[in-house]
Amino acid sequence: MAMGQPKMTDMQEPFDSRAFRNALGGFATGVTVVTACDPAGERVGLTVSSFNSVSLDPPLILWSLSKAARSMPAFRAASHYAVNVLAADQVELSQQFARPTEDKFAGVACHEGIGGAPLLDGCVSWFECRNAMTYEGGDHLIFVGEVERFGCEDRPALLFHAGQYGLATRHPETPAVAKPTVPSEGEKRPFVDDYLLYLLARASHQVSARFHARLAELGVSVPEWRVLATLSDSDGMTVSELAKIVLFKQPTLTRILDRMENDGLVERRASQGDRRKVLVHVTTDGGKTVARLKTVAKRHETEVLSDYGPGEAAVLKMVLRTLINRSADG
Ligand SMILES: Cc1cc2nc3c(=O)[nH]c(=O)nc-3n(C[C@H](O)[C@H](O)[C@H](O)COP(=O)(O)O)c2cc1C
């Protein structure tokens, strides 16, 4: 909804279900896939955002199922069901379980929980519930489950808000995070403090400074590190493929590669598939060097991200990866 005048809908008027949905969509939720196995051994599952906690003692949760859902008979009959809380990288799974397909579990990695209810791999948390109570709820049926077993992993969660998937990040104004850049009310944020290119450049500059100093101590240049790190996970790359990732123009990169080849860190060989194509590979010595450097790099990364939770760090990387993919060749 656009910012501006609040829109009020009175129930005396003809009921506007779209406005009602929109208003409900203002409440951000997580996304779950609720699964069960009916008495005949048939697995069912659907995407559900109506999940919520009810009671700590006894441990109860609830969710509501549309009376029109094909899985209704199975959920009514199942002794147990499982609520799988989806992680930030499981949008595909959410879509798959929201579509009325024949086999929703096709290609889905999962294992059996209590009562045969499927537990999906890679979720943030899961609750295995006894199908304890149901309540009438208009065109939905409210299921209350008694949690018999649950688990969780340290992963960022998938969110749903205003009809869209979202990611959770800690609010910068909460005390756990340093808040140097939030201007107080009425104060104008300086241009560069709110400009993407500046933020990216400054973050990159500040974050890389200490690592680059460490590389220098180890006698490795930044270009050498970039080349080795990129090649270490590949079966060989052409100079032009490599140039795109290491951010050097081809002539500069060629000079860097000449030097590295002299030092025995990389070698150029004709491709097996196409003898006219020359691929750059790391040598055994280059492999040993890069393995050592990666340990130093990961240690530095851990230091940089020490103020962030693992969920936030994963979200930060995901946002940057998306930005890189979307702006590629742009
Ligand atoms: C983000 C999201 C949340 C949803 N939440 C619910 C829900 O809480 N209850 C429900 O009955 N359907 C919900 N749905 C719709 C069902 O997932 C969808 O209708 C599903 O295909 C029903 O499966 P079935 O007909 O095989 O039972 C949601 C869909 C999405 C994308």
Side-chain angles (χ1 to χ4, degrees), residues 1 17-55 60-108 110 113 115-129 131-147 150 155-168 315 318:
M1 204 200 316
S17 61
R18 176 176 288 270
F20 185 51
R21 272 168 183 257
N22 285 347
L24 292 173
F27 181 61
T29 66
V31 184
T32 71
V33 169
V34 185
T35 58
C37 183
D38 74 7
E42 193 74 30
R43 295 186 300 178
V44 289
L46 80 157
T47 305
V48 162
S49 58
S50 55
F51 168 69
N52 221 318
S53 54
V54 175
S55 156
L60 301 176
I61 57 89
L62 68 75
W63 60 286
S64 61
L65 179 61
S66 165
K67 288 183 180 166
R70 294 174 318 155
S71 52
M72 178 60 88
F75 278 110
R76 272 185 184 279
S79 66
H80 290 79
Y81 49 77
V83 180
N84 299 274
V85 179
L86 297 190
D89 59 359
Q90 292 182 313
V91 172
E92 272 299 309
L93 217 52
S94 170
Q95 298 288 65
Q96 178 158 337
F97 279 94
R99 276 193 293 266
T101 44
E102 267 322 302
D103 183 10
K104 293 199 179 178
F105 291 87
V108 175
C110 55
L119 302 177
L120 310 186
D121 290 358
C123 289
V124 174
S125 53
W126 66 94
F127 301 88
E128 296 174 73
C129 307
N131 198 351
M133 293 158 266
T134 55
Y135 298 91
E136 279 298 314
D139 57 8
H140 279 58
L141 193 66
I142 301 161
F143 284 78
V144 173
E146 180 163 2
V147 181
F150 67 94
R155 295 200 167 101
L158 180 62
L159 301 191
F160 198 69
H161 178 233
Q164 291 190 324
Y165 292 103
L167 299 170
V315 167
M318 197 183 295

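Count residues from 1 along the sequence. Order of appearance sets the numbers: ligands from 1, and atoms from 1 within every ligand.
- Closest heavy-atom approach to atom 28 (C) of ligand 1 within the set Asp139, Thr32, Leu65, Thr47: this belongs to Thr47.
- Minimum interatomic distance between Pro118 and Thr35 (heavy atoms only, all atoms of both residues): O-OG1, 2.6 Å.
- Under a 4.0 Å heavy-atom criterion, Lys104 is in contact with ligand 1.
- Protein heavy atom at the shortest distance from atom 5 (N) of ligand 1 is Ser49 N, 3.0 Å.
- Judged by distance alone, the side chain of Asn131 and the main-chain N or O of Phe75 form a donor-acceptor pair under 3.5 Å.
- Note on ligand 1: Ser64 sits in its first shell, one or more heavy atoms being nearer than 4.0 Å.
- If you check which protein heavy atom lies closest to atom 11 (O) of ligand 1, you get Ser66 N, 2.8 Å.
- The shortest N or O to N or O distance between Ser71 and ligand 1 is under 3.5 Å.
- Taking every non-hydrogen atom of Phe160 and a distance limit under 4.0 Å, the qualifying atoms of ligand 1 come out as 1 (C).
- Here the side chain of Ser50 pairs a donor or acceptor atom with the backbone of Ser64 at under 3.5 angstrom.
- Close approach of ligand 1 to Ser50 (heavy-atom distance below 4.0 Å) involves ligand atoms 7 (C), 8 (O).
- Of the polar atoms of Arg70, at least one N or O is found under 3.5 Å from an N or O of ligand 1, judged by distance alone.
- In terms of modelled atom types and a separation under 3.5 Å, the side chain of Gln96 and the main chain of Ala106 share a donor-acceptor contact.
- Other residues, nucleotides and ligands contribute more than 12 heavy atoms inside 6.0 Å of the CZ atom of Arg70.
- Aromatic ring centres of Phe127 and Trp63: separated by at least 6.0 Å.
- Closest approach of Phe51 to Val85, counting heavy atoms only: CE2-CG2, 4.5 Å.
- When the heavy-atom distances from atom 18 (C) of ligand 1 to Gly30, Ala98, Ala74 are ranked, the shortest goes to Ala98.
- Scanning the protein heavy atoms around atom 22 (C) of ligand 1, the nearest turns out to be Leu46 CD1, 3.7 Å.
- In this structure a side-chain-to-backbone donor-acceptor pair under 3.5 Å is present from Thr47 to Ser94.
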